[in-house]
Amino acid sequence: MKTFRRTLAALALVFVVVAMPACAQGKPDAACLPVVRDGWIRLVPGGMPMHAGFARIENACKAPATIKSAKSAAYASVEMHETRLVDGVSRMRAVPALPLAANGSAEFKPGGLHLMLMDPTSTLKAGDKVTIDFVLQDGRVVHGAFAVRNP
């Protein structure tokens with residue numbers, strides 16, 4: 001009877017050790033990262049030192065993620081912004097953090113959530129490719145490829 005109980009206890013312990021990592025809630029899977037799709041940058045006529053960036057960011061991971069910032073070697077500054085209609089007036093505000101739900105997505109598009117790309121480090125033209133890195137709250141980085149387009 002003691003042997004049966006010990007075997008049962010050992011099996012229970014093995015189950016707990018094996019099942020615990022799979023049951024961890026909210027812990028990011030180091031191998032799973034959100035993905036940037038269909039990234040593009042709209043040039044502004046007249047050579048203004050500010051562009052807008054758009055893309056879809058998909059988080060197919062089982063855990064949520066939060067984008068805390070964005071950066072690019074092609075720009076002195078990259079900020080996440082959102083445009084909203086408030087009392088009939090279009091207003092833009094900075095977005096300090098962008099949560100991505102597990103199996104969710106966010107869309108950067110004209111007239112809504114977008115990237116403000118300020119002070120390009122070189123002259124960009126239609127057809128150029130730019131990399132924009134999105135820094136997650138846990139320190140991991142998601143790389144996005146963006147195609148430069150004319151307005």
Inset, instruction - Would you indicate whether the side-chain heavy atoms of T66 and L136 approach each other to under 4.5 Å? - result: no
Legend entry - N/O donor-acceptor pair under 3.5 Å between S77 side chain and D119 backbone: no
Legend entry - Backbone N/O of A126 and side chain of N150: donor-acceptor pair under 3.5 Å: no
Inset, instruction - Over all heavy atoms of both residues, which pair between K62 and A102 is shortest? Give the atoms and the distance, please. - result: O-CB, 3.3 Å
Inset, instruction - Answer whether the closest heavy-atom distance between the side chains of F134 and L115 falls below 4.5 Å. - result: yes
Inset, instruction - Check whether any side-chain N or O of D87 sits under 3.5 Å from a backbone N or O of V89 as a donor-acceptor pair, and report yes or no. - result: no
Legend entry - Validation row, ring centre F54 to ring centre W40 under 6.0 Å: yes
Legend entry - Single-linkage hydrophobic cluster, 4.5 Å side-chain cutoff, V44 and V148 together: no
Inset, instruction - Could you grab the distance from atom SG of C61 to atom CG of L33, nearest 0.5 Å is fine? - result: 6.5 Å
Legend entry - Approximate separation, where rounding is to 0.5 Å, of S72 OG and M118 CE: 12.0 Å
Inset, instruction - Specify the closest pair of heavy atoms between K129 and A147, including all atoms of both residues, with the distance to one decimal. - result: NZ-CB, 3.8 Å
Inset, instruction - Just say parallel, tilted or perpendicular for the rings of H114 and H81, cut-offs at 30° and 60°. - result: perpendicular
Inset, instruction - Using the test ring pair (Phe, Tyr, Trp, His ring centres under 6.0 Å), find all partners of Y75 that sit at least two apart in sequence or belong to another chain. - result: H51
Legend entry - V141-V130 co-clustered via ILVMFWY side chain contacts under 4.5 Å: no
Legend entry - Considering all heavy atoms, the nearest N59-A65 contact: ND2-N, 3.7 Å
Inset, instruction - Check D133 against T131 and note the closest heavy-atom contact, atom names and distance. - result: OD1-CG2, 3.6 Å
Legend entry - pair V35-R37: side-chain heavy atoms closer than 4.5 Å: yes
Inset, instruction - Determine whether I67 and V135 make a side-chain contact, defined as any pair of heavy atoms from C-beta on separated by less than 4.5 Å. - result: no
Inset, instruction - Compare every heavy atom of R56 with every heavy atom of E107, then report the nearest pair and how far apart it is. - result: OE1-NH1, 3.4 Å
Inset, instruction - Evaluate the side-chain proximity of L117 to I132: yes if any heavy-atom separation is below 4.5 Å, no if none is. - result: yes
Legend entry - Reported OG1-to-CG distance for the pair T121 and L124, which is rounded to 0.5 angstrom: 7.0 Å
Inset, instruction - Is it possible for you to say whether M80 and I41 belong to one hydrophobic cluster, with membership spreading through side-chain heavy-atom contacts below 4.5 Å? - result: yes
Legend entry - Reported OG1-to-CE distance for the pair T83 and M116, which is rounded to 0.5 angstrom: 8.5 Å
Legend entry - Flag side-chain contact, heavy atom, 4.5 Å: F108 against L98: yes
Legend entry - Nearest heavy-atom neighbours spanning V142 and P34: CG1-O, 3.3 Å
Inset, instruction - Give a yes or no on this: more than 12 heavy atoms of other residues, nucleotides or ligands lie within 6.0 Å of atom CD of Q137. - result: no
Legend entry - Residues in salt bridge (charged side-chain N to carboxylate O under 4.0 Å, His left out) contact with R91, at least two apart in sequence or another chain: none
